[in-house]
Amino acid sequence: MRRIIAALILAAAPTTALAEEGLFELTWREVAKGVFVGGREDSLRYPVVANTTIVVGKKGVLVFDGGGYAAQGEQVLAKIRAETKKPVTHLVISHWHGDHHRGAAPIIDAFPDANIIAHEFACAAMMDGPERRVEQGETELDGLYKEIEDAVAAGKWFDGSALSEAEKTYFARMVADYPGYKAQLARMKVMTPTIAPKETMTIDLGKRKATLLYAGLGNTAGDLALYLPKEKVLATGDIVVAPVPYGFGSYPKEWARVIRQLASMPAETIVPGHGAIMTDKSYLGRLAALLEDVAAQAEVGKASTDGSPKFAFDAHEGAFTGDDPVKARLFEMFFKEPIAPAALNEARGALSKNEPLDGEASALCPVD
Ligand SMILES: [Zn+2]
């Protein structure tokens, strides 16, 4: 089941005919002058769509997470062209998961001189085993979607639990959206970064500075956040995802520290990797508290000889899911199930088990 879920969440994909149905349709908001954020209004719908941030400077344009699906990358390109004649000079990839970069090729096709920037670990993961394993999982999606369709028909999820009417509706739409998703998967393209920093770096876009912040292990081992100091805009990538966080191969103890660090910055607008734009830091506090609790439980559980010691989430879950059964189901699939083994690896010091690299292909990444 975990394998299935990982294949689902990490997959990137979709497009034009379906954009009409809204599956990959972005809504744009100008959060500061010349800073535009595009995201799909319904952040829970599957496949998930990452938020894109466009920063227009005097010299050029920086795009943070240009799209997981070509249909998204095309809309981002159209938005840039509608707002400015300046070229895209920087495409920044927040982390290696495909929903943040595998659809950005239309932007690079239009601006082939643009730098493609990902943290050195993100670059390695894109070139190497992690990306390859996701693509392998995607070859099994037909069967998986058939199983989901059957589960909806039976009214029972894979673990035998009953599906509420709201969950049946959610998963039935997911199945209906599959052809459009698959069409986009066929268009996916992993581009090789041209700059792969190990640490925080600053980019001068002309009268506008952008900081690419690396604060350590978090949602992945190579998360970059974007901070615009003058505009006080912070785009977090999947370090922050709302309303339900993703916990695939993550490092909860360090991740909590990273979130506390981000929350200490003077940001007034916070753009999560997925979900609605935030204007206060309360969600970051809830998320850090959840992760600190998970890490503490992993400390206790790490010596357990039982292969999978139990984790309790009750103290926090309601703050993320309310009484919404769909959110509760997604919280279980996207967070509770994957975070427990990842937290145990972290507590045991076995960090490389969370996102294992094969090693050879990462040599394709530029040396900083
Ligand atoms: Zn994502």
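In this chain, numbering begins with 1 at the start of the sequence shown.
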Q: Quick one: does Trp96's side chain get under 4.5 Å of Val134's, heavy atoms only?
A: yes

Q: So which atom in Asp238 and which in Tyr246 form the shortest heavy-atom distance, rounded to 0.1 Å?
A: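 The answer is OD2-CD1, 3.8 Å.
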
Q: Restricting to side chain to side chain contact (heavy atoms under 4.5 Å, CB included), what partner residues turn up for Ala235, sequence neighbours left out?
A: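 Side chain to side chain contact (heavy atoms under 4.5 Å, CB included) list for Ala235, sorted by chain: Thr53, Phe64, Leu226, Val271.
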
Q: Answer yes or no: does atom NZ of Lys168 have more than 12 heavy-atom neighbours from other residues, nucleotides or ligands under 6.0 Å?
A: yes

Q: Checking side-chain polar atoms at under 3.5 Å, does Glu167 have a donor or acceptor matched by the opposite partner on Trp157?
A: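 Distance-only check fails for Glu167 and Trp157.
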
Q: Can you pull out every salt bridge (charged side-chain N to carboxylate O under 4.0 Å, His left out) where at least one residue sits in residues 81-96? Sequence neighbours excluded, please.
A: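 Of all non-adjacent pairs touching residues 81-96, those that pass salt bridge (charged side-chain N to carboxylate O under 4.0 Å, His left out) are Lys79-Glu83.
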
Q: Angle class for the His95/His97 ring planes (parallel below 30°, perpendicular above 60°, tilted otherwise)?
A: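 The rings of His95 and His97 stand perpendicular, inter-plane angle above 60°.
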
Q: As an exercise, state the distance from NZ of Lys281 to CD1 of Ile270, rounded to the nearest 0.5 Å.
A: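 Taking NZ in Lys281 and CD1 in Ile270, the distance rounds to 6.0 Å.
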
Q: Stepwise, does the salt bridge (Lys or Arg N to Asp or Glu O under 4.0 Å) test hold for Glu41 with Arg29?
A: CA-CA 11 Å; Glu41 294 291 297; Arg29 293 181 170 82; 3.0 Å; yes

Q: With sequence neighbours left out, write down each residue that passes salt bridge (charged side-chain N to carboxylate O under 4.0 Å, His left out) with Lys336, or none if nothing qualifies.
A: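 By the salt bridge (charged side-chain N to carboxylate O under 4.0 Å, His left out) rule, Lys336 matches Glu317.
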
Q: Same cluster or not: Leu213 versus Leu287, using hydrophobic residues (I, L, V, M, F, W, Y) connected whenever any side-chain heavy atoms lie under 4.5 Å apart?
A: yes

Q: Using a 4.5 Å cut-off on heavy atoms from C-beta on, say whether the side chain of Met265 contacts that of Gln261.
A: no

Q: Could you tell me which non-hydrogen atom of Asp99 sits nearest to which non-hydrogen atom of Ala50, and how far apart they are?
A: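 Result for this residue pair: O-CB, 3.4 Å.
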
Q: Are the side chains of Leu357 and Pro130 in touch, meaning some heavy atoms are under 4.5 Å apart?
A: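 Answer yes - side chains close enough.
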
Q: Could you see if Phe334 belongs to whatever hydrophobic cluster contains Phe171? Use Ile, Leu, Val, Met, Phe, Trp, Tyr and a side-chain cutoff under 4.5 Å.
A: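 Looking at the clustering, Phe171 is in the same group as Phe334.
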
Q: Kindly state each residue pair satisfying salt bridge (charged side-chain N to carboxylate O under 4.0 Å, His left out) with at least one member in residues 205-228, sequence neighbours excluded.
A: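 Listed by first then second residue: Arg208-Glu231.
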
Q: Kindly assign one of parallel, tilted or perpendicular to the pair His100 and His274, based on the angle between their ring planes and the thresholds 30° and 60°.
A: perpendicular

Q: Does Glu268 have any salt bridge (charged side-chain N to carboxylate O under 4.0 Å, His left out) partners at least two apart in sequence or in another chain, and if so, which?
A: none

Q: Go through the steps for Phe313 and Asp293 under the test side-chain contact (heavy atoms from CB on, under 4.5 Å), then give the verdict.
A: CA-CA 8 Å; Phe313 299 88; Asp293 189 1; over 6 Å; no

Q: According to a 4.5 Å side-chain heavy-atom criterion applied to Ile, Leu, Val, Met, Phe, Trp and Tyr, with indirect links allowed, do Ile93 and Leu217 form part of one hydrophobic cluster?
A: no

Q: Taking Ile108 as the fixed residue, which of Ile116, Leu77, Thr194 is the one that meets the side-chain contact (heavy atoms from CB on, under 4.5 Å) rule?
A: Ile116

Q: Taking atom CD of Glu138 and atom NZ of Lys182, what is their separation to the nearest 0.5 Å?
A: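 Going from the CD atom of Glu138 to the NZ atom of Lys182 covers 11.5 Å.
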
Q: Taking only residues two or more places apart in sequence, or in another chain, which ones meet Ser308 in a side chain to side chain contact (heavy atoms under 4.5 Å, CB included)?
A: Asp306

Q: Check salt bridge (charged side-chain N to carboxylate O under 4.0 Å, His left out) between Asp159 and all other residues, then give those that pass, not counting sequence neighbours.
A: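 Salt bridge (charged side-chain N to carboxylate O under 4.0 Å, His left out) check on Asp159 returns Arg329.
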
Q: Are Val300 and Leu290 grouped together when hydrophobic residues (ILVMFWY) are joined by side-chain heavy atoms under 4.5 angstrom apart?
A: no

Q: For the residue pair Ala256 and Ala288, what are the closest heavy atoms and their distance?
A: CB-O, 3.8 Å

Q: Would a distance-only check, ignoring hydrogens and angles, find a side-chain to backbone donor-acceptor pair under 3.5 Å from Thr52 to Asp65?
A: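 Yes.
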
Q: Can you check whether Pro252's main-chain N or O pairs, donor with acceptor, with Ser250's side chain at less than 3.5 Å?
A: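 No; judged by distance alone, with no hydrogens or angles, the pair does not exist.
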
Q: Under 3.5 Å, side chain of Asn51 to main-chain N/O of Gly275, donor-acceptor pair present?
A: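 Confirmed, Asn51 side chain pairs with Gly275 backbone.
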
Q: Ignoring hydrogens and angles, tell me if any N or O in the side chain of Arg187 forms a donor-acceptor pair with the backbone of Gly103 under 3.5 Å.
A: no

Q: Does the Glu355 side chain pair with the main chain of Thr220, one donor and one acceptor, at a distance under 3.5 Å?
A: no

Q: Counting only heavy atoms from other residues, nucleotides and ligands, does the tally under 6.0 Å from CG of Asp280 exceed 12?
A: yes

Q: Run the side chain to side chain contact (heavy atoms under 4.5 Å, CB included) test against Lys59 and tell me which residues pass, sequence neighbours left out.
A: Asp204

Q: Any side-chain to backbone donor/acceptor pair from Arg40 onto Arg45? Under 3.5 Å, distance only.
A: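 Yes; at least one donor-acceptor contact below 3.5 Å.
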
Q: Do Ile339 and Tyr251 belong together in a cluster built from hydrophobic side chains that touch within less than 4.5 Å?
A: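 No; Tyr251 is not reachable from Ile339 via cluster members.
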
Q: Mind checking whether Tyr145 and Tyr178 have parallel, tilted or perpendicular rings, split at 30° and 60°?
A: parallel

Q: May I ask you to decide if Ile80's main-chain N or O and Thr84's side chain share a donor-acceptor pair within less than 3.5 Å?
A: no

Q: Which pairs pass salt bridge (charged side-chain N to carboxylate O under 4.0 Å, His left out) with one or both residues in residues 123-133, sequence neighbours excluded?
A: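 Counting only pairs at least two positions apart or across chains, the salt bridge (charged side-chain N to carboxylate O under 4.0 Å, His left out) contacts touching residues 123-133 are Arg102-Glu131, Asp128-Arg132, Arg132-Asp358, Arg133-Asp358.
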
Q: If I compare all heavy atoms of Ile277 with all of Pro272, which pair ends up nearest, and what's the gap?
A: CA-CD, 4.1 Å

Q: Angle class for the Tyr283/Phe320 ring planes (parallel below 30°, perpendicular above 60°, tilted otherwise)?
A: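 Because their plane-to-plane angle is over 60°, the rings of Tyr283 and Phe320 count as perpendicular.
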
Q: Step by step, would you call Met278 with Leu284 a side-chain contact (heavy atoms from CB on, under 4.5 Å)?
A: CA-CA 10 Å; Met278 302 167 189; Leu284 276 64; 4.1 Å; yes

Q: Rounded to the nearest 0.5 Å, how far does CZ of Phe248 lie from CD of Glu337?
A: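 Here the rounded value is 8.5 Å.
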
Q: For the backbone of Ala71 and the side chain of Gln75, can you confirm whether one donor and one acceptor N or O come within less than 3.5 Å of each other?
A: yes

Q: In the structure I gave you, are the side-chain heavy atoms of Val190 and Met127 within less than 4.5 Å of one another anywhere?
A: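 Heavy-atom side-chain distance check passes, below 4.5 Å.
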
Q: What ring-ring contact (aromatic ring centres under 6.0 Å, His included) pairs are there with at least one residue in residues 214-237, not counting sequence neighbours?
A: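 Checked against ring-ring contact (aromatic ring centres under 6.0 Å, His included) - neighbours excluded - the pairs reaching residues 214-237 are His119-Tyr214.
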
Q: Any heavy-atom pair between the side chains of Ile203 and Ile117 that's under 4.5 Å?
A: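 SC-SC contact between Ile117 and Ile203 confirmed.
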
Q: Side chains of residues 341-351: which donor-acceptor pairs under 3.5 Å do they make with residues two or more places apart or in other chains?
A:
residue, atom, partner, partner atom, Å
Asn345, ND2, Asn354, OD1, 2.8
Glu346, OE1, Lys253, N, 2.8
Glu346, OE2, Lys253, N, 3.4
Glu346, OE2, Glu254, N, 3.1
Arg348, NE, Lys302, O, 2.9
Arg348, NH2, Lys302, O, 3.0

Q: What closest approach, in Å, do Lys327 and Pro243 show between heavy atoms, and which atom pair accounts for it?
A: CE-CG, 3.9 Å

Q: Compare all side-chain heavy atoms of Phe158 with those of Ile148 and state whether any distance is below 4.5 angstrom.
A: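 Result yes, sub-4.5 Å side-chain heavy-atom pair found.
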
Q: Taking all non-hydrogen atoms of both residues, which atom of Pro325 and which atom of Ala166 are closest, and how far apart?
A: CG-CB, 4.0 Å

Q: My understanding is that only residues two or more places apart in sequence, or in another chain, count here; which of them pass salt bridge (charged side-chain N to carboxylate O under 4.0 Å, His left out) with Lys146?
A: Asp150

